[in-house]
2 protein chains.
Amino acid sequence: MNLTIAEENYIKAIFHLQQAEGNVSTNQLAASLHTKPASVTDMLKKLTIKSLLNYEPYQGVRLSKDGKKQALNIVRKHRLWEFFLVDKLQFGWDEVHEVAEELEHVRSKKLVDKLDSFLGHPKFDPHGDPIPDSNGNMVTIRQFNLIDIKISTIVEVCGVGSQSAELLELLRHKNIGIGTVLKIIRKFDFDHSVEIQIKNSDHINISQQLAQALFVKLI
Amino acid sequence: MNLTIAEENYIKAIFHLQQAEGNVSTNQLAASLHTKPASVTDMLKKLTIKSLLNYEPYQGVRLSKDGKKQALNIVRKHRLWEFFLVDKLQFGWDEVHEVAEELEHVRSKKLVDKLDSFLGHPKFDPHGDPIPDSNGNMVTIRQFNLIDIKISTIVEVCGVGSQSAELLELLRHKNIGIGTVLKIIRKFDFDHSVEIQIKNSDHINISQQLAQALFVKLI
DNA sequence: AATTATTTTTAGATAAATCTAAATAAATAA
DNA sequence: TTATTTATTTAGATTTATCTAAAAATAATT
């Protein structure tokens, strides 16, 4: 089934809204898509005919199995492109969303799969959200960027933002790897560097760039 | 000025057609865009109002200065994405056109410029067509793929399809570089390899993969 | 429970990009 | 030069995704 860009945007919005709440209401969707409730009703009818969602007038909607599959594919593309923009093109992780909103609509299965390989099959996007694989499966835990963790928190490293040799060299030197447990000691505003402590050893300093390349989970 | 995708496709088609011929006719455009002449007339009027082209009923069109600028930007994006697909994602040079047709419409100046840097500011796309820089300037000579050159032709190497270490190693070994003058001696259908002669030295054999990575100009 | 407020849907309109069929202009051939 | 063919434009219709305004359904409040 080939969806228009507008249809894809509705499917994606419903997907994200139904994660939090149960059924998604017309008004919620209108707000999320910056459109009017009347327009939403029209589109919901259209997507119902395409059996992408289950819609009862006045009752809100949920995605069908097929709709969820479509949504996961769009989310996959969005997050892979975000990873590409940050890891390869040196975008800041806070400025990639808009561009990925456009790139996610490019339709070519081959492109997505080759991009995935090129990036080294990343499991999380630059915001720490999991990237679905080509079957729509994804890791369920939420990753955080080390730079966003509050002082005194103890976390476990569970991912890195890139597979570059340079990053891996630095991580080996600092004795940090997947599974490393560390505590945030202090954060410096001047250069956004972070002081951490691994186990009971000495405090070490992590640069902004490195902190942004490290994904951690709360333990 | 922000153009729709349809408008961009018209501007690009006119740009390519007016290179060859002088004024571009309604029927030519309809054929090139797989649409009907009546639709073309409508769009030409719209683009005239936006002063992207000079249109006199029944006389065909030419792009205005502004239209040409827009066209060069679209062509730039198209060719940079083609280069990316071949050089980074391992697409064949014959299968990138369609995907690039979609990628070229993503609007973000920053994206294009960063992509350009990431790719090493390539001067030619995988088909040997020149890539305009961000000011719309491009090299005027036409490059050919070595694999497309006829037997007995003498050519000069003027570009390579990628900057990979592997390619450069092979080229050094075979003593081929930018500026190397060579003659096509023979072509083998079985593996599409090419026999060449550099200066007056012995004949050497070039694999299909290598021939496709070499751009040459006629001298 | 009745009234009021909110949410959602319907009805009808608009803009963009396309189409078909008919009319008109330009080019070609007898 | 007139007739015929071809190219182009106009007129009116269609589809998609929007909108506004009004009606209908649901939820909240007195």
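Numbers restart at 1 for each chain; the letters A, B, ... are given by sequence-line order, proteins then strands. The structure presented is a predicted model; accordingly, all values stated were derived computationally and were not measured.
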Gap between atoms CG and C1', on B:Asp42 and D:dT14 respectively (whole Å): 13 Å

Any B:Ser39 side-chain N or O less than 4.0 Å from OP1/OP2 of C:dC19: yes

Distance, rounded to the nearest Å, where B:Ile5 contributes CD1 and C:dT18 contributes C1': 15 Å

Atom-pair distance (CG on A:Leu33; P on C:dT8), nearest Å: 14 Å

Aromatic plane relationship, B:Trp81 with A:Phe84 - under 30° parallel, 30 to 60° tilted, over 60° perpendicular: tilted

Pair A:Ser25, A:Asn27: side-chain N/O donor-acceptor within cut-off below 3.5 Å: no

A:Lys36 NZ to D:dA21 P, straight-line distance once rounded to whole Å: 11 Å

Between CD on residue A:Glu98 and OG on residue B:Ser108, distance to nearest 0.5 Å: 8.5 Å

B:Pro37 vs A:Gln59, nearer the 5' end of DNA chain D by closest nucleotide: B:Pro37

Interatomic distance where OH belongs to A:Tyr58 and P belongs to D:dA27 [whole Å]: 11 Å

Short side-chain N/O contact from B:Thr35 to OP1 or OP2 of C:dC19, under 4.0 Å: yes

Distance, rounded to the nearest Å, where B:Ile49 contributes CD1 and C:dA16 contributes C1': 13 Å

Sugar-phosphate only, base, or nothing, as touched by B:Thr26 at under 4.0 Å among non-hydrogen atoms: sugar-phosphate

A:Tyr55 OH to C:dT7 C1', straight-line distance once rounded to whole Å: 12 Å

By ring-ring contact (aromatic ring centres under 6.0 Å, His included) - contacts of A:His16 (at least two apart): none

Nucleotide nearest B:Ser25 (side chain, heavy atoms from C-beta), chosen from D:dT8, D:dA21, D:dT18: D:dT8

Mate of C:dA30 where both pairing distances stay under 3.5 Å, Watson-Crick or G-U: D:dT1

Sugar-phosphate only, base, or nothing, as touched by B:Pro57 at under 4.0 Å among non-hydrogen atoms: sugar-phosphate

Interatomic distance, A:Asn27 CG vs C:dT8 C1' [rounded to whole Å]: 7 Å

Results of ring-ring contact (aromatic ring centres under 6.0 Å, His included) for B:His78 - residues two or more places apart only: B:His97

Phosphate contact (C:dT9 OP1 or OP2) by A:Thr41 side-chain N/O below 4.0 Å: yes

Residue-phosphate contact under 4.0 Å: A:Lys45 side-chain N/O, C:dT10 OP1/OP2: yes

